[in-house]
Amino acid sequence: MQTSPLLSQLRGGLIASCQPIDDGPMDRPEIVAAMASAAISGGAVGLRIEGIENLRAVRSVVDVPIIGIVKTASAATPVRIAASIADVQSLIDAGADVIAYDGTDRPRPDGRDGILNAIIKGGALAMADCATLADGVHAVSNGAAIIGTTLSGYTAETQRVDDAPDFSLIESFAELGAFVMAEGRFNTPDLAAKALAAGADAVTVGSALTRLELMTQSFAHAVTHATPKSGMSGFAVDLGGTKTAVARIVEGHVTQYEERATVGAAGPEGQYRQIAEMLRTLGYQRDDRLAVAVTGRVDAAGEWHAVNQTTLQDIASVPLASDLARHIGNATIINDAAAATLAEHRLGAGRGHANFAYITVSTGVGGGLILDGSLHNSPNGIAGHLGFSTSQAGAVLCGSGRFGTVESVASGRAIARMAQDAGHGDLDARAVFGAASNGDEWAIDLRATSVRAIAELCANLVTILGITKIAIGGSVGLASGYVDQVRSELETLPELFRSEVVAAELRRDGPLLGSLLAMADPG
Ligand code: ADP
Ligand code: BMX
């Protein structure tokens, strides 16, 4: 084995390869130099640095051994770690103590041995980045001081399906008696330590230390795919203006579902009777966990009030929590759109957005706001009732008592009312959208009126609250093409007033799942 003070400095230690993603935001010499200093503070005994400019910047702030490389991309050869003979002297002048070159037998303009000889002649140590045992043997017998496993997995011959480092190449290299550098996919401290146990003299780690994009990506993937659903089991009710749904939910999945029409005039007792019947068919028993989402506002005292009194009649100051406890069982209660907001934020389209809004375009237009990561509430339960803000197209008094609301322009009931007023008879919103799909101009116009009011609401949310993402749900909002049209409408506005707008991911399950989430976390 070659001995030199420099190899002794590296032996048994960690070499930090400070290589930002090409052309990424960290690909600047001063940042590479800062990474290098930080890596040394953390205990690295040497550095691997790519590019002459980066090398100069690093050399001026550190005094540990540096392995220098030059990477090129050329259609003529697959060889990338391909300092030309001309580059070798520049690397040495810029402060490299060791120069790494591609130790495979793949052809390149100056030839494998041409480069190796230039490095040795220039007075630097040569490190061969190898893919196979034969590469290592060739390098050692031609004077390379270090053989690395760097290219194992990255040549046609050694391609692999897994992401594991090549420990067996380390073991074979160790028998050659050369200084062995473990390099390539040593992404955890544990793998790096095992490399030394397998016979390596030192280990080089790159991506896991300095490619912030890749490390963030792996954390982001793990977090967004984690299922915060454990414990999300029980029965859930979604009482909307048109339909009432009940579901059995097991670990965040709807396993049984039943839906019936809501009778708006049934009064509280009528609603309880229907809910109780539907729950019974799913096997609910009194002490089971129960969460109920309702259209209408729910105040801090647990009382239920229809805001739009044409949707539900006789629902004013109804003691919902205590009534349910008496008639059915103890239940968490929450507004339907607020529940869907919680669910979309935690499990669906709003994940990762601290300022997020959900809008349901359904019988009415409901909504919910996540501000700084939490559901925004008010003691009287009106906060987040986005449909009772006003629209430029407002022309009638809303059932809430407020003139010109978004709900009175954009909701399913509004669409049906406008169709009736225009002389098209007793059609619901689904039938109007059907006519629009068939090309009926009057129906296309009604749909566009609804879309414009929702786009206006989205822009207002951006302007007032800095909302960055909006999910749209409800059967009108989820109708084919609706969200796309809202997006196109927003495109007509200056960029400042736009946000990302998507369809609700959880669709009809949002209010159901969210009511159970509210049980654990009322916001
Ligand atoms: P709820 O308001 O009870 O929560 P929905 O979200 O299903 O229930 O909304 C009901 C409204 O959606 C009704 O006005 C109905 O006409 C309308 N609707 C249902 N299906 C469609 C559809 N495919 N296209 C347009 N509107 C629809
Ligand atoms: C209305 C209002 C909201 C509700 C929203 C969506 C009532 C009865 N409801 O704006 O509380 O969240 O509709 O509910 O005032 P849905 O009936 O359309 O599902």
Side-chain angles (χ1 to χ4, degrees), residues 237-246 259-265 268 271 274 293-299 304-316 318 320 333-342 358-369 378 380-389 398-402 405-420 426-438 443 446-447 450-451 454 457 472-483 485 503-504 506-512 514-515:
V237 176
D238 170 19
L239 193 168
T242 298
K243 63 176 203 301
T244 297
V246 299
E259 185 180 301
R260 291 192 200 165
T262 300
V263 180
Q271 305 300 349
Q274 167 142 298
V294 288
T295 185
R297 71 183 165 95
V298 177
D299 66 24
W304 180 28
H305 319 255
V307 183
N308 188 332
Q309 290 165 21
T310 49
T311 304
L312 290 181
Q313 295 87 56
D314 302 326
I315 303 292
V318 171
L320 184 59
I333 52 176
I334 182 171
N335 168 262
D336 54 358
T341 307
L342 275 180
Y358 170 82
I359 303 173
T360 172
V361 191
S362 37
T363 312
V365 173
L369 298 167
S378 62
N380 64 0
I382 194 70
H385 274 74
L386 307 177
F388 299 122
S389 59
C398 168
S400 62
R402 190 162 191 217
T405 61
V406 174
E407 180 156 310
S408 70
V409 174
S411 66
R413 284 175 84 92
I415 293 166
R417 187 200 74 241
M418 292 185 291
Q420 177 106 26
D426 187 13
L427 299 177
D428 65 8
R430 182 204 299 260
V432 173
F433 278 25
S437 303
N438 287 334
L446 289 187
R447 190 174 59 189
S450 168
V451 162
I454 296 301
L457 172 57
I472 299 188
S475 293
V476 177
L478 292 171
S480 158
Y482 190 93
V483 169
Q485 288 166 21
L506 306 169
R507 305 184 78 84
R508 64 149 210 221
D509 294 346
L512 296 162
S515 64

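For ligands, and for the atoms within them, numbers begin at 1 and follow the listed sequence. In this chain, residues are counted from 1 in sequence order. Just so it is clear, the model here is predicted, and its values are computed rather than measured.
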Report, in ascending order of atom number, the atoms of ligand 2 lying under 4.0 Å from any heavy atom of [X].
X      : answer
His385 : 3 (C), 11 (O)
Thr363 : 17 (O), 18 (O)
Asn335 : 3 (C), 4 (C), 11 (O), 12 (O)
Gly241 : 16 (P), 17 (O)

Is Lys243 in polar range of ligand 1, meaning some N or O pair under 3.5 Å apart?
->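 N/O-N/O distance below 3.5 Å exists for this pair.
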Would you say Gly241 has any N or O atom under 3.5 Å from an N or O of ligand 1, going by distance alone?
->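 Yes.
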Can you figure out which of Thr242, Asp336, Leu478, Val476 has its heavy atom closest to atom 17 (C) of ligand 1?
->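 Looking at heavy atoms only, Val476 sits closest to atom 17 (C) of ligand 1.
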For atom 19 (O) of ligand 2, which of Asp336, Thr295, Asp238 has the closest heavy atom?
->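 Result: the heavy atom closest to atom 19 (O) of ligand 2 is in Asp336.
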Heavy atom under 4.0 Å from ligand 2: found in Glu407's side chain, backbone, both, or neither?
->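 The answer is the side chain of Glu407.
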For ligand 2, note which part of Thr242 has a heavy atom under 4.0 Å away: side chain, backbone, both or neither.
->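 Under 4.0 Å from ligand 2, Thr242 contributes no heavy atoms.
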Rounded to the nearest 0.5 Å, how far does [atom2] of [Y] lie from [atom1] of [X]?
X      : Y      : atom1 : atom2 : answer
Asp314 : Gln271 : CG    : CD    : 10.0 Å
Phe388 : Ser408 : CZ    : OG    : 9.5 Å
Glu407 : Ser389 : CD    : OG    : 10.0 Å
Tyr482 : Arg447 : OH    : CZ    : 10.0 Å

With side chains defined as the heavy atoms from C-beta onward, is the minimum distance between Arg413 and Thr310 less than 4.5 Å?
->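 They are in contact (side-chain heavy atoms under 4.5 Å apart), so the answer is yes.
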So do Leu386 and Val406 actually touch side chain to side chain, heavy atoms under 4.5 Å?
->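 No, their side chains stay 4.5 Å or more apart.
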Report yes or no: do Thr363 and Thr242 form a side-chain donor-acceptor pair below 3.5 Å?
->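 There is such a pair between these side chains.
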In this structure, are over 12 heavy atoms from other groups packed under 6.0 Å from Arg430 atom CZ?
->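 No, the 6.0 Å shell around CZ holds no more than 12 heavy atoms from other groups.
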Please identify which atoms of ligand 1 are closer than 4.0 Å to at least one heavy atom of Asp428.
->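 This gives 16 (O) as the contact atoms.
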Which atoms from ligand 1 have a heavy atom of Gly412 less than 4.0 Å away?
->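 In order of number, 14 (O).
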Would you call Thr262 a ligand 1 contact, heavy-atom distance under 4.0 Å?
->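 The answer is no, since Thr262 has no heavy atom less than 4.0 Å from ligand 1.
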Please say which of Asp336, Thr262, Asp238 ends up in a side-chain contact (heavy atoms from CB on, under 4.5 Å) with Thr295.
->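 Filter result, single survivor: Asp336.
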Quick one: look at Ala479 and ligand 1, take heavy-atom pairs under 4.0 Å, and tell me if it's side chain, backbone, both or neither.
->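 Side chain only; the backbone of Ala479 stays clear of ligand 1.
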